[in-house]
Structures are given as C-alpha cells and as structure tokens.
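Everything on this sheet refers to the single structure shown next.
Indexing begins at 1, ligand by ligand and atom by atom, following the structure's order.
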Amino acid sequence: MTVSSTVERLKDQSCEMRKNLLKLCHKAGSHIGGELSMADIITALYQYGMKYDPKNPDWDGRDRFILSKGHGAGALYIALAMAGYFELDQVLNTYKKLDSPFGEHPSDEIPGVEISTGSLGHGLSISIGMALAAKLDKKKHRVFTLMGDGEIQEGSVWEGAMAAAHYQLGNLVAIIDRNRISLDGETEKLMKLEPLVDKWKAFGWNVIEIDGHNMEQIVDTIDNLPTVDSDTPTVIIAKTVKGKGVPCMENDVDWHAGSIDAALLEKSCAELDEARKKERGEL
Ligand SMILES: Cc1ncc(C[n+]2csc(CCOP(=O)(O)OP(=O)(O)O)c2C)c(N)n1
C-alpha cells in the first residue's frame, strides 16, 4: 500500500515539472504534448523509483534510464535538475541556445544522460544491451526505458522485444507512453497497435497496464516490479493523455510540438496550480 504523503509529494513535483515544461515551451518552443504526457511517469521514476547519485552520475550501482522518445528531452532535463544533477536555471536559461548542451534532444554530454537519443526506435535495443551486460555481470541495478507509442511502430522495437525475452532480462523495464497520438495523427489510424497487451505478452513479456497519470498506480507498479534477478522483462503500458494538464493542448495532435506566448504560459500555469489545489481539497 502506497504511503499517501509520498504520492502527494510526487503530485506536487509533477505539477512543478509541467509548469517548467511550459516555461521551456514559451522560451524556445518544444515537443510539449508528449512531454506533458510523460511528466508523471518520469517524476515518479526520478523522485521515487530509481536509485542514482547526482554527485556521482557514473556510479556503477545506479539504475539506468534511457529516454528512447528523445524528443521529450525537456522533461528529462527538468527531472535531472529536480534530482540534483544541475541547477534548474541552467536548463531554463540556456535551453536550445547554440552553445548549450540542452538541445531539443538529449545529449550524453549532460550529467545523468546515459546516451544521446532522438532517432526513434533505438532506445529499447540500447537498454537491452545494458541489461544483458548487467545480468552477465550479476549487477543489481535495473534498466528503464521510456518509449512513445508512435515510436513502437518502428520494426526495430519488435526485434528488441524478441531479444529481451530471449535473454530473460528481468532487470529491464520498458515503459510505453500510450497517449495514442504520434507526430501527425492517431496511432490507430497511422498503423494499428492494438491489441497491444496481447502483442507484448505474445513476445514473452510481463505486461502491466496502468493509468499513466494516476500517481498511486505508478508508485504501486514500481513497488511491485519483479526482482532484478527474475527472468522476464516487464513492459508498463501507461495510458496517458497527450498535452495532459493544459486544457487547450489535451488530445490535440497540433500540440505535438509548438511554442506558447506569455499570456498562454501564465494562464496554463494558473490552471495547473488550480487543478492541484482542487486535488488537495484546498479549493
Ligand atoms: C527514426 C525517426 N523517425 C521519425 C522521427 C520524427 N519524429 C519525432 S517525434 C515523432 C512522433 C513520435 O510519436 P510518439 O512516439 O507517440 O511520441 P509522443 O506522442 O509520446 O510525443 C516522429 C515521427 C524521429 N525522431 N526518428
């Protein structure tokens, strides 16, 4: 059973993450829709689920996180800043500037970023390599990777899905941000993914389907992951909403990427604060 103070703290932190994502979007434009849909998951991973040491980013015992949907970089930067890898202002002040490492896709020059990503369809196989190496060396850490649902239309993902089960990688956790929208339309119209649970099961994975915005469910799922030395990889299909938390962006393919003016930034941050206060019973 999840301790409610932990869940409340995480909800506050994902609200902060969303407001910071909007600031980046205002400053320089970003892939805002898919960053807002992954905000609760990445907050829970960095603020609850993963072990790491921001003072020693290369600590061998750390859990690895690979942002396979590299266009969600802003959310990774903010998660790393909130975890203490660097100052948040560094991200907010330099995002997408020419001489800044904080570009629209993550670079492994940045402390805490394991590998540069952005070309979709590679993160799962990279994570499989890391998980297989860890398993052979009898190490105790997990490898997490976050993919978009549009991304898993890449054939390479399904080769990876076969390999992970074949090599019995119980230390591997793939998460799919199932917001049902890709860059240019609904996933089911572009290339049908359903029945997604059945497909991953057929590939030999332990499949968990959750509401990717329900912090209790996310935390419970993390708490109940199979042990690292088990022999079945886990995929968490997190049902999410693209643009989650910003009413004018929710479920709107036009907000895959874009920028916002100062007025929309202010309005959206106020809406996020209000929603959180209502949730806390303060309004
Ligand atoms: C190999 C490759 N093909 C195309 C792109 C362009 N692209 C960037 S984001 C995106 C859509 C991804 O959709 P999804 O994985 O559902 O992301 P989300 O909705 O979570 O942002 C595409 C096609 C890319 N980055 N890499």
Side-chain angles (χ1 to χ4, degrees), residues 14 17-18 20-22 24-25 28-45 65-79 95-96 102-108 113 115-128 144-161 173-194 196-197 199-200 209-213 218 235-246 248-260:
S14 37
M17 152 125 4
R18 286 195 166 89
N20 284 314
L21 285 172
L22 290 168
L24 293 184
C25 185
S30 62
H31 285 91
I32 187 70
E35 291 178 335
L36 289 166
S37 66
M38 64 184 270
D40 298 305
I41 296 161
I42 196 164
T43 299
L45 287 176
F65 176 77
I66 309 299
L67 181 64
S68 192
K69 47 170 278 190
H71 58 283
L76 177 58
Y77 302 155
I78 292 166
Y95 179 62
K96 281 175 75 174
F102 298 104
E104 206 155 351
H105 298 95
S107 150
D108 60 10
V113 175
I115 187 141
S116 307
T117 50
S119 181
L120 297 171
H122 298 294
L124 181 61
S125 292
I126 291 166
S127 305
I128 288 165
F144 292 89
T145 186
L146 178 60
M147 296 181 283
D149 54 357
E151 176 179 11
I152 67 168
Q153 291 167 333
E154 296 278 353
S156 52
V157 171
W158 299 97
E159 293 182 40
V173 181
I175 305 166
I176 298 172
D177 182 354
R178 181 71 171 117
N179 61 32
R180 306 187 80 90
I181 296 177
S182 186
L183 181 152
D184 49 358
E186 294 170 31
T187 56
E188 298 314 285
K189 288 189 184 154
L190 294 168
M191 177 73 78
K192 195 159 84 83
L193 291 170
E194 295 297 337
L196 200 51
V197 169
K199 283 181 182 158
W200 285 91
E209 203 176 20
I210 61 167
D211 174 346
H213 301 307
I218 299 173
V235 60
I236 301 170
I237 300 175
K239 291 185 277 182
T240 58
V241 173
K242 200 148 174 170
K244 176 69 178 176
V246 179
C248 68
M249 296 183 183
E250 286 191 359
N251 284 317
D252 185 345
V253 66
D254 288 344
W255 281 107
H256 174 75
S259 61
I260 57 175

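When hydrogens are left out, the protein atom nearest atom 20 (O) of ligand 1 is Lys69 NZ, 2.8 Å; that is the closest non-hydrogen contact. Of the protein's heavy atoms, Lys242 NZ, 2.6 Å lies nearest to atom 19 (O) of ligand 1. Summary of contacts: the protein heavy atom closest to atom 26 (N) of ligand 1 is Leu120 N, 3.0 Å. Protein heavy atom at the shortest distance from atom 6 (C) of ligand 1 is Leu183 CD1, 4.2 Å.
Counting atoms of ligand 1 from 1 in the listed order, those under 4.0 Å from a heavy atom of Gly150 are 13 (O), 14 (P), 15 (O), 16 (O). If you number the atoms of ligand 1 from 1 as listed, the ones under 4.0 Å from a heavy atom of Gly34 come out as 21 (O). Those atoms of ligand 1 that come under 4.0 Å of a heavy atom in His256, given as number and element, are 9 (S), 11 (C), 21 (O). Annotation for ligand 1: atoms under 4.0 Å from non-hydrogen atoms of Asn179 are 18 (P), 19 (O), 20 (O). Atoms of ligand 1 lying under 4.0 Å from any heavy atom of Ser119, numbered from 1 in the order shown and given with element: 1 (C), 26 (N). The ligand atoms of ligand 1 that sit less than 4.0 angstrom from a heavy atom of Asp149 are 15 (O), 16 (O).
The shortest N or O to N or O distance between Ser182 and ligand 1 is under 3.5 Å. At least one N or O atom of Glu151, backbone or side chain, sits closer than 3.5 Å to an N or O atom of ligand 1. Considering backbone and side-chain atoms together, His31 places no N or O closer than 3.5 Å to any N or O of ligand 1. Below 3.5 Å of separation, one finds no N or O of Ser37 facing any N or O of ligand 1.
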| request: Decide yes or no on side-chain contact (heavy atoms from CB on, under 4.5 Å) for Asp252 and Lys242, but give the supporting numbers first. | output: CA-CA 7 Å; Asp252 185 345; Lys242 200 148 174 170; over 6 Å; no

| message | side-chain contact (heavy atoms from CB on, under 4.5 Å), that's the test. Do Leu67 and Met147 meet it? Break it down for me. | response | CA-CA 7 Å; Leu67 181 64; Met147 296 181 283; over 6 Å; no

| request: Any chance you could lay out the ring pair (Phe, Tyr, Trp, His ring centres under 6.0 Å) test for Phe102 and Tyr77, step after step, and finish with the verdict? | output: CA-CA 8 Å; Phe102 298 104; Tyr77 302 155; 5.0 Å; yes

| Run the side-chain contact (heavy atoms from CB on, under 4.5 Å) check on Lys69 and His31 step by step: do they pass? | CA-CA 11 Å; Lys69 47 170 278 190; His31 285 91; over 6 Å; no

| task | I would like to know whether Ile181 and His256 meet side-chain contact (heavy atoms from CB on, under 4.5 Å); could you show each step before the answer? | result | CA-CA 8 Å; Ile181 296 177; His256 174 75; 6.0 Å; no

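When Glu154, His71, Met38, Glu35 are checked for heavy-atom proximity to atom 18 (P) of ligand 1, His71 turns out nearest.
Between Glu194 and Arg178, at least one side-chain nitrogen of the basic residue sits less than 4.0 Å from a carboxylate oxygen of the acidic one, meeting the salt-bridge criterion. Under a 4.0 Å N-O distance rule, the pair Asp211/Lys239 does not qualify as a salt bridge.
Between His71 and His105, the ring centre distance reaches or exceeds 6.0 Å.
The proximity of Met147 to ligand 1, defined as any non-hydrogen pair under 4.0 Å, does not occur for either the backbone or the side chain. Using a 4.0 Å cut-off between heavy atoms, Ile181 contacts ligand 1 through its backbone alone, with no side-chain atom that close.
Assignment of Gly118 to the shell around ligand 1 is supported, since a heavy atom sits closer than 4.0 Å.
For Gln153 and Thr187, the side-chain atoms include no donor-acceptor pair closer than 3.5 Å. A donor-acceptor contact closer than 3.5 angstrom is absent between the side chains of Thr240 and Arg180.
Of the listed residues (Ile236, Val235, Val197, Ile176), just one forms a side-chain contact (heavy atoms from CB on, under 4.5 Å) with Glu209, and that residue is Val197.
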